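The shown structure was predicted, so the numbers you read here are calculated from the model rather than taken from an experiment. Here is the naming used below: chain letters follow the sequence lines, and residue numbers restart at 1 for every chain.
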2 protein chains.
Amino acid sequence: MNAASFYAKAPKHLVAVDCIIFGFDEGRLKLLIMQRKVAPMAGEWSLVGGFVQEAESTDEAAARVLEHTTGLDDIYMNQLHCYGNVGRDTGARVISVAYYALIRIKNHDKPLAREHGAHWLELHEIPELIFDHAKMIEDALAALRNNAQFHPIGFELLPEKFTLSQLRSLYEEIYQKTLDKRNFRKKILSLDVMEKLEEKDKTSSKKGAHLYRFDPEKYEALRRKGLVFEI
Amino acid sequence: MNAASFYAKAPKHLVAVDCIIFGFDEGRLKLLIMQRKVAPMAGEWSLVGGFVQEAESTDEAAARVLEHTTGLDDIYMNQLHCYGNVGRDTGARVISVAYYALIRIKNHDKPLAREHGAHWLELHEIPELIFDHAKMIEDALAALRNNAQFHPIGFELLPEKFTLSQLRSLYEEIYQKTLDKRNFRKKILSLDVMEKLEEKDKTSSKKGAHLYRFDPEKYEALRRKGLVFEI
DNA sequence: ACAAAAGTGTTCGACGTACACCCATGG
DNA sequence: CCATGGGTGTACGTCGAACACTTTTGT
């Protein structure tokens, strides 16, 4: 077989990206979910997605879709899985590459999201979703939990400056279990990957809690020592 | 937009699967690599792959390609990652979903593999590969290491009956470090996921080593107790 | 008898876990 | 002055890591 017929003989497929977009607000982990605009399943709840174009990589397609919906262009994003079952999309055979993204809810363009019919919902509020999107969310949660345990990705969900209580409640939300306050502080501070700021946050206590900021250089130093970030 | 044009307007892509096939033989981790038959890059070294057809899922495509090359139809297989860069295949725009597979080298159809120009090579023998296949192997090794630490997948690479020495040398090969014989035995035996057989293997010692067999039911019992397999 | 791999226990340090009280301050 | 969340230290048990000698048997 020559090269031309090798490629020409192969079938072509619609390829989509779907994004599981995590946020953290009011102490709760949330997902950005939208109402689908086209048939079939128009009006049903769906993840944010789009088709991969000729001139873009799948990663770029996911970044484009994310920016289109949130207005943010520097989102932490990881490929989750490629969902390739034949009948998964009831409108056509579509192979979908799912990405999960972590965003700081405060930073995103709320009106833009609203324009697209997108809503932030807590995990237990998620309605029935089209196609295999519920499975995607389930897989994304598992991936988030695995990933958050050994990589400093939790910080992507918090404001740049945050208190230890906020950080702890984020991990409590991710793992769905309460963490001991003293042990958590000991652990995270011993890793020495955050800068302690002079500022205090007084919004949630009279005394005020110190603000911290994740320091990528400190994290790099930790890696260089051969140590592993672990919560 | 109506449904017809929503799907019709989207571009279609060639979608391939590429398989990183691991085996374990003579105490070494090996990969099944083949020489490409078509242009461009004909004659160059490549992973085993093929195009996803209309009527099959990506998983099915990978299983088909694996059976086609090895003659085996019950191979342990995991999706690795979807590689979607625009220029990754120099012959055409091809989106590739990579899978890694673990097989018992002894069981596969050697002549069939040879017919396809496939060869088992040790990790340090792998020549330069086409496209992004070297990156795929690198990623697959990382995934194998991660996965082998918490899931009993090492057994997929060994014969049904194996000695503790074989098992240990497999893990030493995967992690590329020597493991203490006593600690390894203590750890793996404490998990109680293997059946100790009466038979002994005398091929590698005068004294003979007991053979063991992985027992999926014992592993399930471990899981039910909420414990985690960890090496 | 000897070579070659199989098999076996103990000690030590590190780390995870459990747990309760004082501090600072705004209202 | 008191309610609220912030901040702190210790004791115990578990588990991973290091480490060396005896057993068996084919040649």
Side-chain angles (χ1 to χ4, degrees), chain A residues 26-28 145 148-150 158-159 161-213 222 225-231, chain B residues 26-28 145 148-150 158-159 161-213 222 225-231:
Chain A
E26 299 162 338
R28 293 288 173 196
R145 284 177 184 135
Q149 191 171 1
F150 296 105
L158 292 174
K161 300 171 182 181
F162 52 85
T163 67
L164 289 180
S165 292
Q166 286 178 295
L167 185 61
R168 182 166 50 87
S169 80
L170 168 61
Y171 280 102
E172 289 182 339
E173 186 67 6
I174 291 176
Y175 297 130
Q176 289 291 301
K177 69 173 181 184
T178 60
L179 301 173
D180 181 82
K181 181 163 59 159
R182 281 165 292 188
N183 294 337
F184 181 81
R185 295 177 72 90
K186 202 191 320 175
K187 184 70 171 289
I188 191 79
L189 291 176
S190 75
L191 292 172
D192 190 28
V193 294
M194 304 183 304
E195 182 189 356
K196 183 177 186 173
L197 306 175
E198 288 312 312
E199 291 174 78
K200 286 195 165 192
D201 174 281
K202 297 215 172 187
T203 58
S204 67
S205 86
K206 329 273 190 185
K207 187 178 174 180
H210 273 101
L211 287 166
Y212 288 80
R213 182 195 287 142
L222 182 75
K225 274 187 273 183
L227 298 177
V228 185
F229 178 93
E230 181 178 358
I231 295 292
Chain B
E26 298 164 337
R28 295 287 174 196
R145 284 178 185 134
Q149 191 171 0
F150 295 105
L158 292 174
K161 300 171 183 181
F162 52 84
T163 66
L164 288 180
S165 292
Q166 286 177 296
L167 185 60
R168 180 165 51 86
S169 81
L170 168 61
Y171 280 103
E172 289 182 337
E173 186 68 5
I174 291 177
Y175 297 130
Q176 288 292 302
K177 68 173 181 184
T178 60
L179 301 173
D180 180 83
K181 181 164 55 159
R182 281 165 291 187
N183 293 337
F184 181 82
R185 294 177 73 90
K186 203 189 320 173
K187 184 71 171 289
I188 192 80
L189 291 176
S190 75
L191 293 172
D192 190 28
V193 295
M194 304 183 307
E195 182 189 357
K196 184 175 183 173
L197 305 175
E198 288 311 312
E199 291 175 78
K200 286 194 164 192
D201 174 283
K202 296 214 172 187
T203 57
S204 67
S205 85
K206 330 272 190 185
K207 187 177 174 181
H210 272 102
L211 287 166
Y212 288 80
R213 183 195 287 144
L222 182 75
K225 276 187 273 184
L227 297 176
V228 183
F229 177 92
E230 180 180 357
I231 295 292

Practice problem: Indicate, with a heavy-atom threshold strictly under 4.0 Å, whether B/K181 touches base, sugar-phosphate, or nothing. | Solution: base
Quiz item: Are the side chain of A/S169 and the backbone of A/Q166 linked by a donor-acceptor contact shorter than 3.5 Å?
Solution: yes
Practice problem: Kindly indicate whether the side chain of A/K206 and the base of D/dT4 share any N or O donor-acceptor pair separated by less than 3.5 Å? | Solution: no
Quiz item: Expressed in angstrom and rounded to an integer, what is the separation of A/D201 atom CG from C/dT25 atom P?
Solution: 15 Å
Quiz item: What's the closest nucleotide to the B/N183 side chain, out of C/dG9, C/dC23, C/dG16?
Solution: C/dG9
Quiz item: Which part of the nucleic acid, if any, lies within contact of B/S165, taking any heavy atom under 4.0 Å across all strands shown: a base, the sugar-phosphate backbone alone, or nothing?
Solution: sugar-phosphate
Quiz item: Is there a donor N/O on one and an acceptor N/O on the other, under 3.5 Å, for the side chain of A/K207 and the base of C/dA24?
Solution: no
Quiz item: So, does A/E172 use its side chain to make a donor-acceptor pair with the main chain of A/L179 at under 3.5 Å?
Solution: yes
Quiz item: Between D/dG7 and A/H210, is there an OP1 or OP2 to side-chain N/O distance shorter than 4.0 Å?
Solution: yes
Quiz prompt | 4.5 Å side-chain heavy-atom contact, B/M194 and B/L164 | solution = yes
Practice problem: Name the residue closer to the 5' end of DNA chain C, choosing between A/K202 and B/Y212 according to the nucleotide with the nearest heavy atom. | Solution: B/Y212
Quiz prompt | Nucleotide D/dG7, atom P - distance to NZ of A/K187 in whole Å | solution = 20 Å
Exercise. Give the nucleotide from the list D/dT10, D/dG9, C/dA5 with an atom nearest to the side chain of A/R182.
Key: D/dG9
Quiz item: Once you round it to whole Å, what is the distance between P of C/dA6 and CZ of B/F184?
Solution: 13 Å
Quiz item: How close or far is atom C1' of C/dC15 from atom CG of A/L227, stated in whole angstroms?
Solution: 13 Å
Self-check item: Nearest-angstrom distance from the residue atom CZ of B/R168 to C1' of C/dT8
Solution: 13 Å
Quiz item: If you look at every strand shown and take non-hydrogen atoms under 4.0 Å, does B/K186 touch a base, only sugar-phosphate, or nothing?
Solution: base
Quiz item: Between A/F162 (CZ) and D/dG6 (C1'), how many Å, whole number?
Solution: 16 Å
Quiz prompt | Euclidean distance, atom CG of residue A/L197 to atom P of D/dG6 [Å, nearest integer] | solution = 16 Å
Quiz item: Do the side chains of B/V193 and B/F229 get nearer than 4.5 Å, heavy atoms only?
Solution: yes
Quiz item: If only atom types and distance count, is the side chain of A/Y212 paired as donor or acceptor with the main-chain N or O of A/L189 below 3.5 Å?
Solution: no
Self-check item: A/L167 CG - D/dG7 P separation (whole Å)
Solution: 13 Å
Quiz item: For DNA chain D, whose closest nucleotide is more 5', that of B/E230 or that of B/D180?
Solution: B/E230
